[in-house]
Structure formats: structure tokens, C-alpha cells
Amino acid sequence: MTFTPSEIFTPESEEEIVQCVRQAKQEGRKVRVVGAGHSSSPLVKTNDILLSLKHFKGVENPDLEKSKATILAGMTVKEAGKDLHRYGLAMHNTGDVDVQTVAGAIGTGTHGTGKKLRNLSSMLVGVRMVTGEGEIVDTIIEEDPELFRALRVAMGTCGIFLKMRLQLQPTFQLHRKEWCVPLDFCLENLENLQDNNRNFDFYWYPRSDIAKIRLINEVGEGMPEISAGKLEFEKKGHSHLILPRSRHLKFDEMEYSLPAENGPACFEEVRELVKNEFRKEVAWRVLYRTIRSDDAFISSMYKKESVTISLHHNAGLPFWDYFRNIEPIFRKYGGRPHWGKKHTLKANDLKELYPEWEKFQEYRKKFDPQNVFLTPYMKELLIS
């Protein structure tokens, strides 16, 4: 995805952001905040103002007793993990990579894996933001719990986050092991693997029918041995160094979140279609993860214990034929698309997937009544 905004703005103060939004409102222009550019969907695409928060970094007011801290909104997950560790604090989980900004990860419902672990949005318990009216709002979850059900996954449509108060936990160490095994072994032991490990996921390699099982447990909590395959990787260390892995190759991605009970059947159907129709064209892996439910209004895990299935394709190669053929399978099994990944759904499709869609819209309109944060693509997603 490429686009050319009319202006790239890199403010160094809150006052500059307030002025930017107020001027955009007066002129009928749009403002979108750019993060790390990790999303596959055009959430930040705009012909107007693209705003970078790269000067907004740091940790404030760490509270070790309550395991909370405030971070500035320009920080990446990697930067936040490193700086929070210095205060004896850690995030409960990260995604497969840590290059995203924390604000972007929260705004899109980004997640890691683990049956008992919620997405990164669940950490948000306080926020300081600039609304579409150009006003600063400073609030915590105790003042308005329902508001945070809107803010936790909002894709920047309620306001520009300046600072985020996060619910964290004391630092902890993890033990990670990865095995390559026959896929049938992985599927036969799926329930045991996801129920009895802190973090579990697997990659399926379509051309070989091999799976890579990835398990992570807290150091001292034990780690199962997998006799059916070959141990490929093992590492111990602090959580922020163990949970994410480095990814250097670029790719396009589609991911859907499914009710957990539908995950295995959906995967089997996806597997058959890939083997029969796309094995020659697609060399990338299919990723299967587990995530705990939450109550954010438009979180893809909204009130459903969930499994996600992710498709990947080499960046630069045609991917839509592959993605569009498999997307109906995801929808058949009750899937909801990841906001930051490729999908074809529009507002009329999406509102049927979220029982409290209109409640989210009420909050969005309250904070941005003139749609300063809604580009044409965002309108397609949110306005039917």
C-alpha cells in the first residue's frame, strides 16, 4: 500500500496537536495518525494530514504496587517493553512481533496467543487524548468503565492518544521451545497443547504438511517434551525478549478471529482448499492462535473465547485470489476480521458481527462529531 498525504506533521507538543486538529476541523480536512506501518489494511491512508507521534516517547508514573504505568503514545511495543522492564514491570503478552506502536496495537485489537490471555487492548485503563473537536480529554477507567469499552479498540476514531495508562504485571521470565512435527500430531494433541501451556500456537507449512509448534511457559512452571518431532529452537529470558520474534521478510496478511469451538473445523476446511487450489502459489505459513474473550465493543474477540487463523503471502505477489477464496470459510464459521489485516468487509457486513456496534458509534460521534478522523476507507468500515 502506498499513498501520498498532503502533509506529514511531526508535532513536538500536545498544543501543536490540538491546533492541528482544530485547523483540520475548520478546513474540512482529515487527520490520521501513523504508527509503525505494520498493518496490512489502509487504516492510516489519507490524502490530507498524516500525523506522526515519533517525538512522544517515555514512561511516566510507574506504580509497582498496582503494576501500572503511563507510556507516551509514540512508543513501539519493543521500546515500551524495554523501558517498562527497567521499572520492574511487563506487559502480559505481545503479538508475534513487537514493531507496532502500543497505541496502534491497542487501537486494532492486536493480540498474541494464549488461551487465558486477552489482547493488548485490555491493558488500557487510562488515556489522555485529543478529540475530533480539538479538546483534550484525560480519564481513567474507574470514572467511566463503558467508555473504555469503546476506546480499547477504536482505530484512532475517537481521538489521538497522547498518553496511555496501562495495567501491567511485575517482570517475569519465560521459557520458549519450538518443534517441527507432522501436522496430524499437532491436530490430534491440539486441546492438550492449548489448555496446558501459557502460550501456544502453530504454523502449518502447506507444501510439506509440517507444523511448527511453539510453546511458552513461565520459568519454573515446567515445559512438556514433544517426542514426535525435532526441537528447532529454545530460549529463556525476560518476557519482552521471549514473546516476540524478529521478522524481516515483508508479507500481506488476512486474519479472522473465530469462536474457539469452531477453530479446528475451520482450519481443516482452509487446509483442504489450500492443498487443492493454492499449494503451488503459496509458500507462506498459516498461523493458528488462541485468545481469551474481552468486552470491547468492536474487538474481534468480543465475548467469545477465540481462535485466530492467519493467511500470509509474499509482499509484491498477487494475494487477493488466495485471500478472497478463503474468506468465505472464515465467515461461515462465525469469523470477525482483524482490523489491521486484509479483508473485504464493509460497515453493513461488520455491524452484524458486533452486538454493541451502535454503542461504539455513539461514543465515536460524541468525540468526533464532524468525522475529522474518518478517511474514505474508515467511512467504508464504520458508516453504513
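Nothing here was measured: the structure is a model prediction, and the numbers come from that model. Nothing fancy with the numbering, it's 1 onward along the sequence. Basis for what follows: all heavy atoms, side chains included, without hydrogens, waters or symmetry-related copies.
- Listed for the Asp252 side chain is no donor-acceptor partner under 3.5 Å among the backbone atoms of His313.
- Considering only residues two or more places apart in sequence or on other chains, Arg149 meets the salt bridge (charged side-chain N to carboxylate O under 4.0 Å, His left out) condition with Asp295, Glu356.
- Judged purely by atom type and a 3.5 angstrom limit, Gln167 uses its side chain to pair as donor or acceptor with the backbone of Lys66.
- In this pair, Trp339 and Tyr354 present their aromatic rings parallel. The plane angle is below 30°, not in the 30 to 60° band.
- Counted by atom type alone, Thr70 and Asn61 present zero donor-acceptor pairs between their side chains at under 3.5 Å.
- Met75 and Leu151 fall within a single hydrophobic cluster, where Ile, Leu, Val, Met, Phe, Trp and Tyr are joined by side-chain heavy atoms under 4.5 Å apart, directly or via other members.
- Not a single ring pair (Phe, Tyr, Trp, His ring centres under 6.0 Å) links Phe373 to another residue, sequence neighbours left out.
- Transitive grouping of hydrophobic side chains (ILVMFWY, heavy atoms separated by less than 4.5 Å) brings Phe200 and Ile226 into a common cluster.
- The ring-ring contact (aromatic ring centres under 6.0 Å, His included) pairs that include a residue from residues 54-102 are His85-His238, His85-His240, where partners are two or more places apart or lie in different chains.
- With sequence neighbours excluded, no residue forms a side chain to side chain donor-acceptor pair (under 3.5 Å) with Lys82.
- Partners of Glu60 under the salt bridge (charged side-chain N to carboxylate O under 4.0 Å, His left out) rule, at least two apart in sequence or in another chain, are Lys163.
- We find that Asp195 and Lys115 are joined by a salt bridge, their nearest charged nitrogen and carboxylate oxygen being less than 4.0 Å apart.
- Ion pairing between Glu269 and Arg271 fails under the 4.0 Å rule for side-chain N and carboxylate O.
- For the 3.5 Å distance criterion, the side chains of Ser6 and Arg29 qualify, holding a donor opposite an acceptor.
- Cluster annotation: Ile141 and Ile71 are assigned to the same hydrophobic cluster (Ile/Leu/Val/Met/Phe/Trp/Tyr, side-chain heavy-atom contacts under 4.5 Å, transitive).
- At a threshold of 4.0 Å, the pair Asp349-Lys346 does not count as salt-bridged, since none of the basic side-chain nitrogens sits closer than that to a carboxylate oxygen.
- Screening residues 165-189 for ring-ring contact (aromatic ring centres under 6.0 Å, His included), with sequence neighbours left out, gives no hits.
- The minimum heavy-atom distance linking Gly340 with Leu43 is given by the pair CA-CD1, 4.1 Å.
- Asp144 meets the side chain to side chain donor-acceptor pair (under 3.5 Å) test with no other residue; sequence neighbours excluded.
- Using a 4.0 Å cut-off between charged nitrogen and carboxylate oxygen, Glu358 and Lys365 do not count as a salt-bridge pair.
- Here the side chain of Asn262 pairs no donor or acceptor atom with the backbone of Leu258 at under 3.5 angstrom.
- Heavy atoms only, all atoms of each residue included: Leu117 and Ile291 are closest at O-CG2, 3.5 Å.
- Within the structure, the salt bridge (Lys or Arg N to Asp or Glu O under 4.0 Å) test picks out the following pairs touching residues 216-236 (sequence neighbours left out): Lys177-Glu225.
- The salt bridge (charged side-chain N to carboxylate O under 4.0 Å, His left out) check on Glu277 picks up nothing, with sequence neighbours excluded.
- Looking only at side-chain heavy atoms (C-beta outward), Ile106 and Met164 come within less than 4.5 Å of each other.
- Pairs engaging residues 120-130 under the side chain to side chain donor-acceptor pair (under 3.5 Å) rule: Glu14-Arg128, Arg128-Asp138 [sequence neighbours left out].
- When side chains are defined from C-beta on, Tyr377 does not count as touching Val44, because their heavy atoms never get closer than 4.5 Å.
- Other residues sharing a hydrophobic cluster with Phe233 under the 4.5 Å side-chain heavy-atom criterion for ILVMFWY residues do not exist; the residue is a singleton.
- Side-chain N/O atoms of Asp368 and Tyr363 include no donor and acceptor closer than 3.5 Å.
- Contact of the Leu183 side chain with the Phe202 side chain is registered, since non-hydrogen atoms from C-beta on lie closer than 4.5 Å.
- When atom types are taken as modelled, the side chain of Arg207 and the backbone of Arg279 share a donor-acceptor pair closer than 3.5 angstrom.
- A donor and an acceptor atom, one from each side chain of Glu305 and Ser293, are located under 3.5 Å apart.
- Side-chain N or O atoms of Asn199 include one that pairs as donor or acceptor with a backbone N or O of Thr113 at under 3.5 Å.
- The two atoms that bring Val153 and Gly107 nearest to each other are CG1-O, 3.5 Å, heavy atoms only.
- Hydrophobic clustering (ILVMFWY, side-chain heavy atoms < 4.5 Å, transitive): Leu174 and Leu120 are in distinct clusters.
- A donor-acceptor pair shorter than 3.5 Å can be found between the side chains of His111 and Glu255.
- At a threshold of 4.5 Å between non-hydrogen side-chain atoms, the residues Asn217 and Pro224 count as touching.
- Side-chain N or O atoms of Arg176 include one that pairs as donor or acceptor with a backbone N or O of Ile242 at under 3.5 Å.
- Side-chain contact of Glu143 with Thr139: a donor-acceptor pair under 3.5 Å is present, judged by distance alone.
- With no hydrogens or angles considered, no side-chain donor-acceptor pair links Gln19 and Arg22 at under 3.5 Å.
- Looking at heavy atoms from C-beta onward, Thr10 lies in side-chain contact with Lys54 at the 4.5 angstrom threshold.
- Residues Pro259 and Gly334 come closest through the heavy atom pair CD-O, 3.5 Å.
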Please tabulate, one pair per line, all N/O donor-acceptor pairs under 3.5 Å involving side-chain atoms of residues 318-330, not counting sequence neighbours.
{"from": "Asp321", "atom 1": "OD1", "to": "Asn325", "atom 2": "ND2", "distance (Å)": "3.1"}
{"from": "Asn325", "atom 1": "ND2", "to": "Asp321", "atom 2": "O", "distance (Å)": "2.6"}
{"from": "Glu327", "atom 1": "OE1", "to": "Thr344", "atom 2": "OG1", "distance (Å)": "2.6"}
{"from": "Glu327", "atom 1": "OE2", "to": "Tyr256", "atom 2": "OH", "distance (Å)": "2.5"}
{"from": "Glu327", "atom 1": "OE2", "to": "Thr344", "atom 2": "N", "distance (Å)": "3.1"}

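- Residues Val97 and Leu241 are members of separate hydrophobic clusters, defined by side-chain heavy-atom contacts under 4.5 angstrom among Ile, Leu, Val, Met, Phe, Trp and Tyr.
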